[in-house]
Every structure is written in C-alpha cells, then in structure tokens.
Amino acid sequence: MNTTLGSTHGVFRFGLKESLNSLSATPKKESPIMLHFASKGKRFKKSTGYKCSLNHWDATKQRIRTGKGMLANAYKVNAFLNDIQVYAEEELSSMVKDDGSIDLKRLSNLIGFKINGDDETDKESTDLVVYSDNLLESKRKRIKITTYRSYRQTLRLLNLYEKQYEIVLTFEDIDLDFYRSFVEMLEDEDYSLNSIGKHIKNLKTFLNDALINGVSSNIIFKSRSFAAPKELTTHIYLTKEEIKKLTNFDFSENPSLEHAMDIFLIGCHTGQRVSDYNGLLKSDIEVIDGHNFIKIQQKKTDNFVHFPITEEIKRIMKKYDNDFPPKLSEPVLRRNIKNACSKVGFEEMIKVSYTKGGKLVEKEVPKHTLIKTHTARRSFCTNHYIDGKPIQNIMLFSGHKTEREFFKYIRIEKKQEALAVLKSGFFN
C-alpha cells in the first residue's frame, strides 16, 4: 500500500535523502530517512534521525522493508514513522481548521519537536536561520559593527529566500540545488557578483559553526561547487602628481572638504586602512632614537606598525596645532573625499566592468567617482612599488603579511610594472 498521507491541504511523504538514481550505484550505502511536506508550492523537509540503505528501503510503501533478511530495527523504525505521519497530518488539519491557513514555520517546528523530543534547542538546531541568528547575537560584542551588519544582511536574504520559496530552511536543505537557487535569487535582486560571494561566504561561516558544534553533519558547503564567487573589480590609485595636486589645492572656502582631504592625505602618506588613519591621536606618537613615529595597532589584524612622521604629515598636522585632524564619521569622510576630488578636477574617464544581476556591465565613469577611503592605502603601495622600493620595505609600513596579499593592491599597466622592476635593480 502507498503510505503517502495526502489531503486537500498538503502531502507528507518519507524518502531517502539522496535520490534513488544516485543510491542505485551504492545500494548498501545508508542514507538519512527524510520527511517531506508539500502544499501549493510550500514545502519543507525534516530528518527523522534514522538511516536506511536502498536495499532495505521500500520506495512504494515509504518504509523499511520487512520480512526475510530485514533490518533488526525495521518494525521499531516503521512504527516511529507511522507515529510521526499521523501526528503531522493531525497538526496540519488542526492548523487549517483553526487558522484557515498553513503556518509553514510553525508546522515545521511542531514536527521537529515530535521527532526530536520537546526540547527547544532541537527546534533551534534544525532551523538554519534561527541558529544563525542566535550565533550572530552571541558574537555581536566580539565582532566589528561592519562585520555584524554584513552577517545581518545575509540573514535578511535567507529570510527572503524562505519567503519566496515558501520553505523553512534546515541544515538538511543546504545542497547544491539550494546553492544555485539562492545565487539565482541574488542575481534577480540585482546583486553584484562580489556581493553574492560575500553572502555565500557568510552563509558558509554559519554552516561551519553548526558543523563544528555537532548541530549539523552536512558538509556539502565545503565542496568546490559551493564556492563564494569573486571577480577582480576596477580599483584605481592616485599618482604622486595627483596627490600633490590635492595637497596644493585651496579648500579654504570649504573647510569640511579640507578636513576630509587632510585625513585622506595622511592615509596616502602612511598606507594604512581608514580605520587606522582616521582618528589618530597625539598619544599615538612615539619617539624612537630621536625620531617621531606614529605607533599604530592595526584594527583589522592587531599588528603594530611604526610609521615615521614625514614632512608631508608634519605640514598637515601644523594646521591642527601639531595634532592630527579630528576623526570624521566614515560616511561623511567618503562623501567629502569624492566631492573634493571632483572639485580638484579628477574627471579622467575610467572603464569599469563588473557582473551585476548575472550580467556583465561595462561603462566609463569619471575617476573621482571611484576614489574611496581605501584608495589612500592602494596609492601608497602602488607609488612606492613604481618607484622601485623593495617590496618587503613597503610591506613593513603597510602591514601586509604576504606578497600575495600585497600584490592585490598593485593595479598598474604592464609598462609601469616593467619600469618598476627595472628600478628595483633586477638587471643590475
């Protein structure tokens, strides 16, 4: 007999996690027994906690085979499946009768209670979004606000996926079909390829935590096919001549732009990240053998960097009574950097290309629109590299640990790169 429990409200069925076609190659391999529910596009699946091989599974009855050569626990497992099935249908009927609709998340959790026992932690463990949300909140005080916001955006997109596909995501749901449909949804939402990669990376962090803590045994996210996509984007740097032009420009009529430029120029002369060059204090100055250095503990890596206070930095500090410019909020700093560079006249048209919404976008934009707080760090590394300075010496001040990471910052034409190699003494 066919034991699929169906009604006008929905259908429950049991099956092995892997497809029958894939299991046919290894019929003795055990696969988790899953409970599936579907109703007018809404669906979820739950692991029953039991496994069975294809040899011992009756796909028609959706139960473990009984009779000669049957598994020792066949009757016990089948009785458990019968109990779950009856309970699930009763809860579904009651829900529709009382509310006139199906609360998919509630139904999924109720069945999870029945399968795992009335333990709240079991409910949270099987629900990907609930688990990830709890994980994120537990780490909130130990991670940077920008990292927290990034993870929060990923959770919002997972919620959107659940809403669009009318599904409650469990760890068992995470497979390559989910990966492809999630990426496709993000493309439909017009996300760039690198943004999609960021959210896949965040998702893999959630999945890895669950794996490490024994909440999930699903390792599909470690597959190469579950990769976080990434592409090389158009990043520019400012030449020494352009930095000099910014230094000499008269911003006296717009003090807010001058303030932002002074902070940005300190970044250009030190090669630090904005989190390190925006908000320096007099207490960060350290005298070493009669020379003044800025002692910076880089916030991203906790590495210490000592950078000499050069004549260019001294000229900026002189405007602020030999102190550093007061810190600006990053949104204000970013906006004023672009406005200042526009005012100076950085209008050279730059060709950019990137993937957005699953499509390649190519266009030309004025250079000032591409200048960011991070352009300062990129400019420092690139200009010293072009001048033929030893890479290890540049890395000493920038704080890069490997040449591989350092070279991600060098975006110059091949002829400039060849010149830099020549200046380094390669042919001497």
Side-chain angles (χ1 to χ4, degrees), residues 142-147 150 235-240 242-244 246-247 259-330 332-334 337 371-412 420 423-425:
R142 292 179 282 126
I143 59 178
K144 297 177 183 177
I145 185 63
T146 51
T147 304
S150 175
H235 287 301
I236 52 94
Y237 76 100
L238 297 182
T239 65
K240 290 190 293 183
E242 287 171 326
I243 292 173
K244 188 174 182 180
L246 282 174
T247 302
H259 183 184
M261 267 300 98
D262 288 336
I263 294 174
F264 179 72
L265 287 169
I266 286 178
C268 291
H269 293 307
T270 61
Q272 302 305 305
R273 300 177 184 88
V274 64
S275 56
D276 299 315
Y277 72 72
N278 179 26
L280 290 169
L281 302 171
K282 258 189 177 180
S283 57
D284 295 319
I285 299 175
E286 183 175 334
V287 180
I288 305 176
D289 197 20
H291 299 281
N292 289 331
F293 284 80
I294 307 171
K295 182 181 179 181
I296 299 172
Q297 184 174 15
Q298 296 180 322
K299 291 182 173 59
K300 183 176 180 179
T301 62
D302 284 334
N303 294 329
F304 280 99
V305 173
H306 287 81
F307 197 93
I309 299 181
T310 61
E311 291 302 318
E312 293 88 353
I313 297 174
K314 286 180 182 178
R315 279 195 289 269
I316 295 172
M317 294 178 66
K318 192 173 181 180
K319 298 181 186 179
Y320 303 90
D321 295 327
N322 294 319
D323 201 348
F324 297 102
K327 183 176 182 177
L328 284 176
S329 71
E330 286 195 29
V332 172
L333 180 60
R334 288 194 297 268
I337 286 173
I371 298 174
K372 308 173 183 178
T373 54
H374 209 61
T375 305
R377 180 168 168 82
R378 195 176 302 280
S379 300
F380 174 88
C381 295
T382 303
N383 284 321
H384 283 292
Y385 178 75
I386 291 173
D387 282 344
K389 304 288 179 58
I391 293 173
Q392 291 300 323
N393 288 356
I394 305 173
M395 290 169 56
L396 172 67
F397 297 119
S398 67
H400 287 107
K401 286 294 185 181
T402 66
E403 289 189 10
R404 180 182 178 184
E405 287 299 313
F406 171 82
F407 276 111
K408 290 180 181 179
Y409 281 73
I410 307 303
R411 301 288 177 85
I412 57 178
K423 290 181 178 179
S424 71

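Predicted, not measured: the structure shown is a model, and the values here were computed from it. If you read the sequence from its start, that first residue is 1, and numbering goes on from there.
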Note to self: If you define the side chain from C-beta out and look only at heavy atoms, does anything of Ile243 sit under 4.5 Å from Asn383?
What the structure shows: yes
Exercise answer: donor-acceptor pairs, residues 322-330 side-chain atoms, under 3.5 Å, sequence neighbours excluded:
none

Item checked: Validation row: Val305, Gln298 side chains within 4.5 angstrom (heavy atoms) -> yes
Check: Looking only at heavy atoms, what is the nearest atom pair of Thr270 and Tyr277, with distance?
Finding: OG1-CB, 4.2 Å
Check: Say you draw a straight line from CD1 of Ile371 to OG1 of Thr373; how long is it, rounded to the nearest 0.5 Å?
Finding: 11.5 Å
Notebook entry, point to check: Going by heavy atoms in the side chains, are Leu280 and Ile296 under 4.5 Å from each other?
Noted result: yes
Margin query: More than 12 heavy atoms of other residues, nucleotides or ligands under 6.0 Å from CG of Asp321: yes or no?
Written below: no
Notebook entry, point to check: Can you name the salt bridge (Lys or Arg N to Asp or Glu O under 4.0 Å) partners of Glu311, sequence neighbours left out?
Noted result: Lys314
Notebook entry, point to check: Which pair of heavy atoms, one from Phe406 and one from Cys381, lies closest together, and at what distance?
Noted result: CE1-CB, 3.8 Å
Next item on the list: Could you tell me whether the side chain of Arg377 and the main chain of Ser398 form a donor-acceptor pair under 3.5 Å?
Entry: yes
Item checked: Neighbour count >12 (heavy atoms, 6.0 Å) for atom NZ, Lys244 -> no
Notebook entry, point to check: Checking Gln272 side chain against Phe397 main chain: does a donor-acceptor pair fall under 3.5 Å?
Noted result: yes
Notebook entry, point to check: Do the non-hydrogen side-chain atoms of Lys144 and Lys300 ever get within less than 4.5 Å of each other?
Noted result: yes
Note to self: If we ignore hydrogens and angles and just use 3.5 Å, is the side chain of Glu242 paired with the main-chain N or O of Thr239 as donor and acceptor?
What the structure shows: yes
Check: Between His259 and Tyr320, how do the two ring planes meet: parallel, tilted or perpendicular, split at 30° and 60°?
Finding: tilted
Notebook entry, point to check: For the residue pair Lys389 and Ile394, what are the closest heavy atoms and their distance?
Noted result: O-CD1, 3.8 Å
Check: Could you give the distance from CD (Glu312) to CZ (Arg315), rounded to the nearest 0.5 Å?
Finding: 5.5 Å
Next item on the list: Measure the spacing between CG of Leu265 and CD1 of Ile316 and express it to the nearest 0.5 Å.
Entry: 5.0 Å
Check: Does any N or O in the side chain of Asp284 come within less than 3.5 Å of the main-chain N or O of Gln297, such that one atom is a donor and the other an acceptor?
Finding: no
Next item on the list: Side-chain contact test, heavy atoms from C-beta onward, threshold under 4.5 Å: evaluate it for Lys299 versus Arg273 and give yes or no.
Entry: no
Notebook entry, point to check: Given side chains that start at C-beta, do those of Ile288 and His306 come closer than 4.5 Å, heavy atoms only?
Noted result: yes
Note to self: Are the side chains of Thr301 and Lys401 in contact, using a 4.5 Å heavy-atom criterion?
What the structure shows: no
Check: What distance do Thr382 atom OG1 and Asp387 atom CG have between them, rounded to the nearest 0.5 Å?
Finding: 11.0 Å
Check: Side chains of Met317 and Ile309: does their closest heavy-atom pair fall under 4.5 Å?
Finding: yes
